[in-house]
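A quick write-up on the structure given underneath.
Nothing here was measured: the structure is a model prediction, and the numbers come from that model. In what follows, every chain begins at residue 1, and chains take the letters A, B, ... in the order their sequences are listed.
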Amino acid sequence: MFRNVSELVELAENQNISISEVMIRQEMEVTEKSREKVMGQMDENLSVMEKAVEDGLKGVESRSGLTGGDAVLIQNYMRDKEPLSGHLLLDAVSKAVATNEVNAAMGIICATPTAGSAGCVPGTLFAVKEKLNPTREQMIRYLFTSGAFGQVIANNASISGAAGGCQAEVGSAAGMAAAAIVEMAGGTPQQSAEAMAITLKNMLGLVCDPVAGLVEVPCVKRNAMGASNAIVSADMALAGVTSRIPCDEVIDAMFRIGQRMPTAFKETAQGGLAATPTGRAIEEQIYGTKSKKE
Amino acid sequence: MKFRSVFDIIGPVMIGPSSSHTAGAARIGRMARKLFGREPKWAKIHLYGSFASTYKGHGTDVAIIGGLLDFDTFDTRMSESIKIATERDIKIEFIEEEAIPDHPNTARIQIGDEKEDLELVGISIGGGKAEITELNGFDLQLSGHHPAILVMHNDRFGAIASVTQILAKYEINIGHMEVSRREQGKEALMVIETDENIDPEIITQLEKEDHIIQVAKVSE
């Protein structure tokens, strides 16, 4: 089993196979399942992601009324105007938002790596798909590549907002997406690692401060920015830009930052945006004046 | 290493918005349903801790009712569960409790019909996982991740042996087992988690044994 990113890249390079292939082979070995079974299970997860994006782009609303409908606004804007940031980037943003809006509206999603960060990986996948026209198998492989990098983070740092802040949750998701984009676009395993490092470096320190403790504000828009960060980082890595700090050291830095982060910024709704006057007002509106959160 | 399968990272598939407040809550409701064995006519649900303070935003109430209707955590009917339950004439009541529970995400579920009722306490421990910690006043620990039977029996010698002998005869291996009683010589509860699924015929045979009062099956 690979323990870190450098081992993962080495395994791929030595055998001259892709990161996704390393992950598929390891999964078969660890779970003693056939290739067909492992690929089939991921195919089902991919279908769930497709359905969530589809539903989100039709427009949904959460129970609290805090989120929903932004994916539709962005798609309409893209149809009527020429977006400044480019079609692919904004398409990824809208599809990431769509996924998290569906999650907030009690829809069915696939955690990647968590429910709160479920938008980055599918958002980027379904946007990049329009440009690269991948086969179904390549799309499934995108998820294995994401999973390989996610597993390294989960085993060496954390993928939970309660443990490491938003950097660990949306930061990890964005890094996973960046690495997978690189592979789908024909980049090398090392370039995947560079893309992940560049993404994660720009997510370091991000706190988890959900308003009223709900997976809505700012989680939905954080996924939007995670998706855009992933695409830009992937392009940089594909251009040959490397991270001066190796990927594994960035992950370690993220872990250490998470450990020293005050609990007020770890999903407790005690600090950051949750503690703003508007954040508090929303909280009171949802739970009534007899809030027991304090 | 904590995470060994890629599907721990890309997965699970579940209802949003929160794995612990929604998916885990649905699992608690579904375990109650499985133990009761049929659709209840009424449900009284007490919410504690973070469940009590945030259930409206996370849909914890919707999820528990969905579980009681036997919906899985990725059932698309989940968000309509309260409406469906009302249409089926199930009386529902939610109570926000002030007491501080041992675990922040705790629910006490009372369900029943004209014949029977059942009361259990469930906790949602993260990532959509849940455990039952109390059933009809008995302390226990049940994850719902393995096939399991709960055997209500008289607290007498030989009662446990009679059950394990039957399981052995059908080549069913016990992975985890615990016994608890409220009082010596009265009713007691056996919780048996097994590796293999337990057929209904085995349950019928178990119930025929002396000192065995009732057997309920839980499986995922």
Side-chain angles (χ1 to χ4, degrees), chain A residues 1 3 23-24 26-27 30-31 38 41-42 44-46 48 51-52 62-64 66 100 102-116 118 121 143-144 146-151 153-156 159-160 162 172 176 212-216 219 269 286-288 290-293, chain B residues 1-26 47-63 65-66 71-82 96-101 104-105 125-129:
Chain A
M1 263 180 97
R3 286 167 300 181
M23 188 72 247
I24 291 165
Q26 181 179 291
E27 184 69 20
V30 168
T31 62
V38 168
Q41 195 176 340
M42 197 60 98
E44 284 173 23
N45 286 357
L46 177 60
V48 170
K51 175 77 170 43
S62 74
R63 219 170 165 219
S64 68
L66 282 177
N100 283 86
V102 164
N103 180 59
M106 296 195 79
I108 310 294
I109 55 93
C110 179
T112 54
T114 63
V121 169
L143 301 179
F144 278 103
S146 302
F149 282 90
Q151 195 176 64
I153 303 178
N155 282 326
N156 292 285
I159 49 167
S160 137
S172 299
M176 288 156 58
L214 303 178
V215 193
E216 299 199 51
C219 319
I286 294 170
Y287 300 123
K290 274 171 59 190
S291 170
K292 278 172 260 157
K293 285 195 69 66
Chain B
M1 271 179 275
K2 289 175 288 178
F3 295 85
R4 298 178 61 83
S5 168
V6 70
F7 297 106
D8 293 334
I9 308 296
I10 308 296
V13 170
M14 62 187 171
I15 185 172
S18 159
S19 57
S20 52
H21 290 80
T22 322
L47 300 168
Y48 298 84
S50 177
F51 268 6
S53 56
T54 70
Y55 76 97
K56 283 179 191 158
H58 283 131
T60 308
D61 48 352
V62 177
I65 297 299
F71 296 168
D72 211 329
T73 51
F74 48 83
D75 195 308
T76 49
R77 295 169 295 176
M78 186 67 84
S79 58
E80 299 289 312
S81 70
I82 292 185
E96 294 171 35
E97 297 287 353
E98 301 275 350
I100 310 287
N105 294 328
I125 57 172
K129 295 187 176 78

Less than 4.5 Å apart, side chain to side chain, heavy atoms only: is that true for [X] and [Y]?
{"X": "B/T54", "Y": "A/Y287", "value": "yes"}
{"X": "B/V13", "Y": "A/E44", "value": "no"}
{"X": "A/L66", "Y": "A/I286", "value": "yes"}
{"X": "A/E216", "Y": "B/P17", "value": "no"}
{"X": "A/C110", "Y": "B/I10", "value": "yes"}

Donor-acceptor pair, side chain of [X] and main chain of [Y], under 3.5 angstrom:
{"X": "B/S81", "Y": "B/V62", "result": "yes"}
{"X": "B/H21", "Y": "B/G57", "result": "no"}
{"X": "B/Y55", "Y": "B/E96", "result": "no"}

Options B/S79, B/P12, B/S18, B/G49, ranked by heavy-atom pairs under 4.5 Å with chain A, top entry = B/P12
Check whether [X] gets within reach of chain B through its side chain, its backbone, both or neither, counting any heavy atom under 4.5 Å.
{"X": "A/Q41", "value": "both"}
{"X": "A/I159", "value": "side chain"}
{"X": "A/M42", "value": "both"}
{"X": "A/T112", "value": "both"}
{"X": "A/Q151", "value": "both"}

Quick check on the interface: out of [options], who has the most heavy-atom pairs with chain B under 4.5 Å?
{"options": "A/I24, A/I109, A/N45", "answer": "A/I109"}
{"options": "A/V102, A/N155, A/V215", "answer": "A/N155"}
{"options": "A/P113, A/A154, A/A111, A/S172", "answer": "A/A111"}
{"options": "A/V38, A/T31, A/N100", "answer": "A/V38"}

key: Contact class of B/T22 relative to chain A, heavy atoms under 4.5 angstrom   = side chain
